[in-house]
Chemist: 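Pasting a structure here, questions to come.
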Amino acid sequence: MSSLSGSKKSVPTPGITVRVENLSISYRTTFERVPTFKNAITRFGRGQRAVKEIKALKNVTFDVPDGTFLGIIGSNGAGKSTLMRSIAGILPPNEGRIEVNGRISPLLSLGVGFNANLSGRENITLGGLAAGLSRREVADRAEAVTEFAGIEEFIDAPMRTYSSGMYSRLAFSVAVHMDPDILMIDEALSAGDAAFKTKAAEKMQELRDNARAMFLVSHSMASITQLCNRAIWLHKGQLMMEGEPKEVIDKYNEFLKVGPSAVTLEDL
Amino acid sequence: MSSESSVAARESENEFTTTHHVYEPHTAGLPPIRSYATELWRRREFAAAASQANLRAANTMTVFGQLWMVLNPLLLAGVYFLLVNILSGGGRGMDFFARLTAGLFTFYFVQGAMTNGAGSVIGGGKLLLNTAFPRLLMPFSAVRTAFFRWLPTVPIYFVFHIWAGNPWKWQMLAAIPFLFLIVIFSMGLAALFGALQVYFRDTSSFLPYLNRIWLYASPVLWQITDLPARMAGVAPILETVNPLFSLLGGYTEALTQGIIPDFKVWVIATIWAVASFTIGSLFFISREREFAVRL
């Protein structure tokens, strides 16, 4: 897609897939699970506010050269997902600049699930069209996606009839079949049964050879070490460290005062 | 597969596709409107496909689905016909019924666009969290859905048009631009309520009340000429504050009687349509950055 928020004509930086410069992101969100007008009025009467400004990223700068498989680690609320969303163009920056060279296929939130009343095929089509593919391109991919996810007999059934494993298999399959130059995965690898995990791992290896870059957010340090050749560590919106996955993970574990225990070394 | 060459191969198919993006802070909370509009237009197929899928899921495309689309407003027209007849002491004939159906069916299109639009962003769910695309496609798709639900009522109206012995004149064509304005107006409404619903999830619970009042304040159940003398002062007020007064009024006048509405009606209707579209979409676009973190 041509950039939704890109303003000036700019020239792509050669050799760089993603360049993040002085990126700061803040947004306002609400404490309430379901914000309603009724609650807003009640709160207003008591002089309270449920809206909170969150500074998710503070002045983050880094480059992702071509061929990088970047692991992003950090504790909950470190800004990992926000960073991914901003690179995917879903959450534009408040300050700074992000340059992206390549087609992104984000798998940020598990499930392609656009509408559970629609069939898997319709959801694939809608996701592809929204991402800027043409109807023909989407139709071409739909078969491959279905086959890889192994849900041929369910593809025309409404997605509300799917099991959670089928949901995540389909989501993963869609993301890897959209011909991404840049693949972004947010903790999606735990999806599916053992057989699918093996298949997913193989596909990831294949993508390593084809895709220009990959971003992987994971709490599984094993996945990061295995799949990534570079890592960054975020803490409370700040970039703490950038480097070899092993070094970064060691520092991170040191910071958390936990060793490479059995908990962090879960399988893929 | 995902090398430069395969991207380049797709470029010819999608002339706007570029694989280079720069994201920078928005000025005044709005993304650059021009590239936004370009992207919106380029992905219009998504809006169409989403609306088609929703219509399919709701069985609208089946025979009984279509029948229900017609039956529901028709029964309502019957109810209102009885009600108005009783309240006014009887004596209303087929020409009134024809006028009532023309107005009511189209009023329900506006209401449907508003209600579907309100649910459109919330219903986007995971797609909004995973994909960057102009979100305005969602409420616009909802308007398309509402339009296709309204469409089967058109032949029904013409049955009553014939039954009532209403004239067939070329002036009836003036209803088409009014219909167009009603669609534009509804797109703005759908966008406005779609964005509001993200912040206040009970917005759609207020809509039925709003719609009921709006129906009574619009020239659907009554005609401007029907107004008793003591209510004469109300008409000029409604004319300026109620957008549907001119939009629906002009539409039904042209369609049912073949009268080209006054120039003033055209002007007010156009102003309302443009204002609703502009304010609704700009409000929506200015808020859409937050949708991903608010859902």
Side-chain angles (χ1 to χ4, degrees), chain A residues 1-8 10 12 27-30 34-38 40 85-86 88-103 106-115 117-118 122 125-127 129-137 158 179-181 210-212, chain B residues 1-4 6-7 10 13-14 16-27 31-32 35-36 38-39 42-43 45-50 52-54 56-58 123-134 137 196 198-203 205-206 289-295:
Chain A
M1 64 161 208
S2 69
S3 161
L4 280 185
S5 50
S7 40
K8 294 162 228 79
S10 62
Y27 54 81
R28 290 184 311 151
T29 189
T30 171
V34 181
T36 58
F37 187 62
K38 190 179 137 224
R85 279 187 189 152
S86 62
I90 296 166
L91 197 58
N94 294 86
E95 279 170 52
R97 181 175 184 274
I98 304 167
E99 181 187 327
V100 179
N101 297 309
R103 179 191 286 268
L107 182 52
L108 302 182
S109 179
L110 204 55
V112 262
F114 166 51
N115 186 335
N117 288 323
L118 305 183
E122 284 167 331
T125 311
L126 291 175
L129 290 175
L133 296 175
S134 73
R135 222 179 245 263
R136 213 180 71 208
E137 286 174 310
D179 279 0
D181 297 311
N210 290 324
R212 197 137 17 100
Chain B
M1 261 304 265
S2 63
S3 60
E4 283 295 304
S6 81
V7 172
R10 281 198 306 268
E13 203 171 326
N14 264 337
F16 290 108
T17 305
T18 86
T19 50
H20 172 67
H21 337 270
V22 172
Y23 301 110
E24 280 172 333
H26 293 166
T27 38
S35 55
Y36 188 96
T38 316
E39 277 306 304
R42 195 168 75 76
R43 300 194 196 185
E45 232 183 320
F46 165 76
Q52 279 161 8
N54 282 322
R56 237 192 334 265
K126 293 276 160 56
L127 191 68
L128 270 101
L129 300 177
N130 267 333
T131 317
F133 65 98
L137 285 170
L196 276 181
V198 176
Y199 292 91
F200 303 112
R201 302 293 163 96
D202 49 356
T203 306
S205 327
F206 292 110
R289 177 183 182 267
E290 285 192 353
F291 292 169
V293 292
R294 288 262 184 177
L295 280 182

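Keep in mind that the numbers below use all heavy atoms, side chains included, and drop hydrogens, waters and symmetry copies. Per chain, numbering begins at 1; letters A, B, ... match sequence-line order.
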Chemist: Rounded to the nearest 0.5 Å, how far does OG1 of Thr125(A) lie from CZ of Phe46(B)?
Modeler: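 Answer for the CZ-OG1 pair, Phe46(B) versus Thr125(A), is 11.0 Å.
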Chemist: Among all residues two or more places apart in sequence or in another chain, which pass the ring pair (Phe, Tyr, Trp, His ring centres under 6.0 Å) test with Tyr27(A)?
Modeler: none
Chemist: If I measure from the heavy atoms of chain A, does Phe206(B) come under 4.5 Å with its side chain, its backbone, both, or neither?
Modeler: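 Side chain only.
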Chemist: Roughly how far, to the nearest 0.5 Å, is the CD1 atom of Ile90(A) from the OH atom of Tyr23(B)?
Modeler: 8.5 Å
Chemist: I'd like to verify something: which residue of Asn94(A), Asn117(A), Val34(A) has the highest number of heavy-atom pairs under 4.5 Å with chain B?
Modeler: Asn94(A)
Chemist: CG of Leu126(A) to CG of Leu137(B): how many Å apart, nearest 0.5 Å?
Modeler: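 CG of Leu137(B) is found 11.0 Å from CG of Leu126(A).
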Chemist: Quick one: does Arg56(B)'s side chain get under 4.5 Å of Leu118(A)'s, heavy atoms only?
Modeler: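 Arg56(B) does not reach Leu118(A) side chain to side chain.
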Chemist: For Arg85(A) and Ala292(B), which heavy atoms make the closest approach, and how far apart are they?
Modeler: NH1-O, 3.7 Å
Chemist: Shorter than 4.5 Å, heavy atoms on both sides: which option in Ala40(A), Pro158(A), Gly96(A) has the most such pairs with chain B?
Modeler: Gly96(A)
Chemist: Roughly how far, to the nearest 0.5 Å, is CD of Glu99(A) from CD of Glu24(B)?
Modeler: 10.0 Å
Chemist: Sort Glu45(B) into side chain, backbone, both or neither according to what part of it lies under 4.5 angstrom from a heavy atom of chain A.
Modeler: both
Chemist: Taking the side chain from Arg43(B) and the backbone from Ala130(A), do they hold a donor-acceptor pair closer than 3.5 Å?
Modeler: yes
Chemist: Roughly how far apart are Arg289(B) CZ and Arg28(A) CZ, rounded to 0.5 Å?
Modeler: 10.5 Å
